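The structure appears right after this line, and notes come after that.
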Amino acid sequence: MYPTPYVKFLTHFHGTRDYFECHEVLEEYWKEVDPKNRSSIWVLFIQTAVCMYHYRRDNKKGADTLIKRCILRAESGLSEIEELGVDAESYLEHLNRIKSDLQEDLPYHSWNFPLKDLYLRQEVQQMCLDWGVAYGSPSDLDNAQLVYKHKLRNKQT
């Protein structure tokens with residue numbers, strides 16, 4: 001029912017908390033199905049993951065820039081968000097809460113997309129089980145490979 005890359009994106013977001021991989025998986029899909037459309041719903045979700053990646057590694061300026069873009073795009077795309085099994089109003093509330101937390105200089109915290117489609121949630125939970133990760137567990141902030149993945153990946157190449 002939903003594209004496999006989208007389910008993988010959500011599994012990374014809710015399970016591995018690997019926001020860098022969220023970006024990688026969904027960007028590849030976006031380039032296949034809606035290339036160059038910067039207002040694509042896929043770009044919104046990619047930017048949400050990148051925002052969380054920046055926030056978690058304490059790049060609050062980068063996170064703040066992205067969260068503002070995400071909020072603007074989400075406000076104009078509520079029906080598209082709903083079509084992807086997400087409670088759009090709750091999702092927008094999450095984005096606004098993140099914006100507020102950033103402005104108040106509060107620390108990062110993990111959250112889940114508010115999945116309203118039970119089939120989609122079950123599919124993501126099953127993929128988490130298959131991958132050996134817990135659905136909805138918080139990010140391991142002590143895991144440098146997770147928190148600073150792009151920097152560490154660039155040093156290995």
Side-chain angles (χ1 to χ4, degrees), residues 1-57 59-99 102 108-131 133 135-136 139 143 145-154 156-157:
M1 183 170 168
Y2 295 100
T4 300
Y6 176 53
V7 177
K8 286 182 178 180
F9 166 87
L10 291 171
T11 304
H12 279 299
F13 199 95
H14 296 137
T16 67
R17 297 294 182 187
D18 191 335
Y19 303 127
F20 191 88
E21 281 305 309
C22 287
H23 161 269
E24 294 287 298
V25 167
L26 210 52
E27 183 178 57
E28 186 176 318
Y29 180 70
W30 164 62
K31 287 180 177 179
E32 288 176 20
V33 298
D34 201 9
K36 299 181 183 173
N37 179 3
R38 300 288 298 160
S39 64
S40 170
I41 191 70
W42 305 121
V43 173
L44 167 62
F45 289 170
I46 291 165
Q47 288 181 336
T48 300
V50 174
C51 172
M52 297 311 296
Y53 180 78
H54 286 307
Y55 191 4
R56 182 174 58 198
R57 63 184 195 86
N59 175 2
K60 291 180 178 160
K61 183 179 179 185
D64 187 61
T65 298
L66 280 170
I67 201 66
K68 290 173 184 172
R69 285 185 203 158
C70 290
I71 290 168
L72 285 173
R73 175 60 180 96
E75 289 172 339
S76 68
L78 296 177
S79 63
E80 286 177 285
I81 294 166
E82 291 279 334
E83 289 171 12
L84 288 170
V86 176
D87 180 324
E89 289 295 331
S90 294
Y91 172 73
L92 187 56
E93 286 174 19
H94 277 286
L95 297 181
N96 279 302
R97 194 170 314 125
I98 293 163
K99 179 183 173 195
L102 285 163
Y108 160 87
H109 62 279
S110 302
W111 62 281
N112 294 331
F113 272 61
L115 301 178
K116 69 175 190 171
D117 183 329
L118 295 180
Y119 171 80
L120 177 60
R121 186 179 318 151
Q122 289 171 343
E123 198 173 357
V124 172
Q125 288 171 333
Q126 183 59 54
M127 193 172 281
C128 282
L129 282 173
D130 294 346
W131 290 3
V133 295
Y135 178 92
S139 290
N143 182 343
Q145 290 287 49
L146 183 67
V147 176
Y148 301 102
K149 188 168 189 171
H150 80 288
K151 287 184 176 185
L152 297 175
R153 184 176 92 153
N154 290 342
Q156 293 172 354
T157 55

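Since we're looking at a predicted model, the values are computed, not measured. Computed from heavy atoms alone, side chains included, the values below leave out hydrogens, waters and symmetry copies.
The side-chain hydrogen bond (donor to acceptor under 3.5 Å, both in side chains) test applied to Ser39 returns Asn37, not counting sequence neighbours. Remark: Asn96 pairs with no residue by the side-chain hydrogen bond (donor to acceptor under 3.5 Å, both in side chains) rule, at least two apart or across chains. Taking the ring-ring contact (aromatic ring centres under 6.0 Å, His included) definition, one finds that Phe13 meets it with Tyr19, Trp111, Phe113, sequence neighbours left out. Trp30 is linked by a ring-ring contact (aromatic ring centres under 6.0 Å, His included) to nothing, counting only residues two or more places apart in sequence or in another chain. Partners of Ser139 under the side-chain hydrogen bond (donor to acceptor under 3.5 Å, both in side chains) rule, at least two apart in sequence or in another chain, are Arg56, Tyr108, Ser110. By the side-chain hydrogen bond (donor to acceptor under 3.5 Å, both in side chains) test, Thr48 pairs with Tyr91, sequence neighbours left out. Tyr135 meets the ring-ring contact (aromatic ring centres under 6.0 Å, His included) test with His14; sequence neighbours excluded.
Nearest heavy atom pair, residue His94 against residue Asn112, reads NE2-O, 3.8 Å. Minimum interatomic distance between Leu95 and Ala74 (heavy atoms only, all atoms of both residues): CD1-CB, 3.9 Å.
Atom NE2 of His54 and atom NZ of Lys60 lie 14.5 Å apart (nearest 0.5 Å). Note that the SG atom of Cys22 and the CZ atom of Arg17 stand 9.0 Å from one another [nearest 0.5 Å]. Remark: Met1 CE to Tyr119 OH distance equals 8.0 Å, nearest 0.5 Å.
Annotation: side chain of Val25 is in contact with side chain of His12 (closest heavy-atom distance under 4.5 Å). Proximity of Phe45 to Leu84: side-chain heavy atoms (C-beta onward) are separated by under 4.5 Å at one or more points. Looking at heavy atoms from C-beta onward, Ile71 lies in side-chain contact with Leu92 at the 4.5 angstrom threshold.
With Tyr29 as the fixed residue, the ring-ring contact (aromatic ring centres under 6.0 Å, His included) test singles out one of Trp42, Phe9, Tyr6: Trp42.
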Sequence neighbours left out, cut at 3.5 Å: what donor-acceptor pairs do the side chains of residues 62-70 make with other protein atoms?
from: Asp64; atom 1: OD2; to: Lys68; atom 2: NZ; distance (Å): 2.9
from: Thr65; atom 1: OG1; to: Lys61; atom 2: O; distance (Å): 3.1

Under 3.5 Å, which donor-acceptor pairs link side chains of residues 121-128 to any protein atom two or more places apart or in another chain?
from: Arg121; atom 1: NH2; to: Leu115; atom 2: O; distance (Å): 2.5
from: Gln126; atom 1: NE2; to: Asp130; atom 2: OD1; distance (Å): 2.9

- Task: Take Val7 and Leu120 through the side-chain contact (heavy atoms from CB on, under 4.5 Å) test and state the conclusion after the steps.
- Result: CA-CA 8 Å; Val7 177; Leu120 177 60; 4.1 Å; yes

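The stretch residues 77-99 participates, sequence neighbours left out, in these salt bridge (charged side-chain N to carboxylate O under 4.0 Å, His left out) pairs: Arg73-Glu80, Glu82-Lys116.
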